Amino acid sequence: AVHPEQKSSRCLQLGRPDPTLEPGLKAFYKDLVTRAPESENPPLALFFLEVAGQPISFYGGSMSNNRFSAFFNSIDIRQNSRLRSGDALLWMLAEECANRGLKGLDLGVGEAGYKAAWCNQTDILVDSYYATTFSGSVASLVFRLARTLKRLIKQTPWIWRLVSKLT
């Protein structure tokens, strides 16, 4: 099972909103996991790594169209620095995908060091904002500026550290 307490704890450490608190989210994932447990390609496949009976790393995603697409992951940061549990689980996940004959391993949206180390290709995503009214034009401008600012913050280490301390 997904370990929501682990994800909640990590979000708290980083000062980020906790997605596991969204109403109905836990029930939604539980339904996906239990809907077709014997299926070769269940709607949601979970992979996890345990140490001494304690879950320390998770990946959840879908196996379809000849690839595994990650939707979420979580690591126990206290254990990760010593055990590199995220890396270990990713190796195991890649091996499982290869054993199933999958041709691709999609680690999901966003930039991260481990993704740069593992991925030999990047799928470019494009955000588009089309306005048909003056109010829409203003909103579109605000959304584009917010996206640009977010990217600047994430790609500039000193700004990221400053923002992380302030939040």
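FYI, side chains are in, hydrogens and waters are out, and symmetry mates aren't considered; it's all heavy atoms of this structure. One is the number of the first residue; the rest follow in order along the sequence. Being a predicted model, the structure only gives us computed values, none of them experimental.
- For Arg151, the salt bridge (Lys or Arg N to Asp or Glu O under 4.0 Å) partners are Glu111, not counting sequence neighbours.
- Here the closest heavy-atom approach between residue Phe71 and residue Ser62 is recorded as CZ-CB, 3.4 Å.
- If you take NZ on Lys103 and CG on Asn66, they are separated by 6.0 Å, rounding to the nearest 0.5 Å.
- For Lys115 (side chain) and Gly108 (main-chain N/O), a donor-acceptor pair under 3.5 Å exists by modelled atom type.
- Counting non-hydrogen atoms of neighbouring residues, nucleotides and ligands closer than 6.0 angstrom, the CH2 atom of Trp91 reaches no more than 12 such neighbours.
- Residues passing the side chain to side chain donor-acceptor pair (under 3.5 Å) test with Glu50: none are found, sequence neighbours excluded.
- Counting heavy-atom neighbours within 6.0 Å of Asn65 CG, excluding the residue itself, gives a total of 12 or less.
- Contact check for Glu96 versus Phe47: side-chain heavy atoms found under the 4.5 Å cut-off.
- Using a 4.5 Å heavy-atom cutoff, the side chains of Leu93 and Leu90 are in contact.
- Taking the side chain as every heavy atom from C-beta outward, Ser128 and Val126 approach each other to under 4.5 Å.
- A heavy-atom distance below 4.5 Å is found between the side chains of Leu107 and Tyr114.
- Enclosure of atom CD in Gln155 by more than 12 non-hydrogen atoms of other residues, nucleotides or ligands within 6.0 angstrom is indicated.
- Looking at heavy atoms from C-beta onward, Ser57 lies out of side-chain contact with Phe48 at the 4.5 angstrom threshold.
- For the pair Leu152/Lys154, no side-chain contact is recorded, criterion being any heavy-atom separation below 4.5 Å from C-beta on.
- Residues Leu46 and Tyr59 form no side-chain contact, since every pair of their non-hydrogen atoms from C-beta on lies 4.5 Å or further apart.
- Counting all heavy atoms, side chain and backbone alike, Gly136 lies closest to Ala131 at C-CB, 3.3 Å.
- Here Phe58 and Phe72 keep their ring centres 6.0 angstrom or further from each other.
- Under the 4.5 Å side-chain criterion, counting only non-hydrogen atoms from C-beta, Leu105 is not in contact with Arg67.
- Remark: side-chain polar atoms of Thr156 are not paired, donor with acceptor, to backbone N or O of Ile159 under 3.5 angstrom.
- The ring-ring contact (aromatic ring centres under 6.0 Å, His included) analysis of residues 132-166, with sequence neighbours excluded, yields the pairs Tyr129-Phe143.
- Residues Trp118 and Met63 share a single hydrophobic cluster, defined by chaining ILVMFWY side chains whose heavy atoms lie under 4.5 Å apart.
- For the atom pair CD (Gln121) and CG (Asp106), the distance works out to 9.0 Å, reported to the nearest 0.5 Å.
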TODO: With side-chain hydrogen bond (donor to acceptor under 3.5 Å, both in side chains) as the test, would you mind laying out the steps for Arg144 and Ser140 before giving the verdict?
DONE: CA-CA 6 Å; Arg144 282 195 305 270; Ser140 177; 2.5 Å; yes
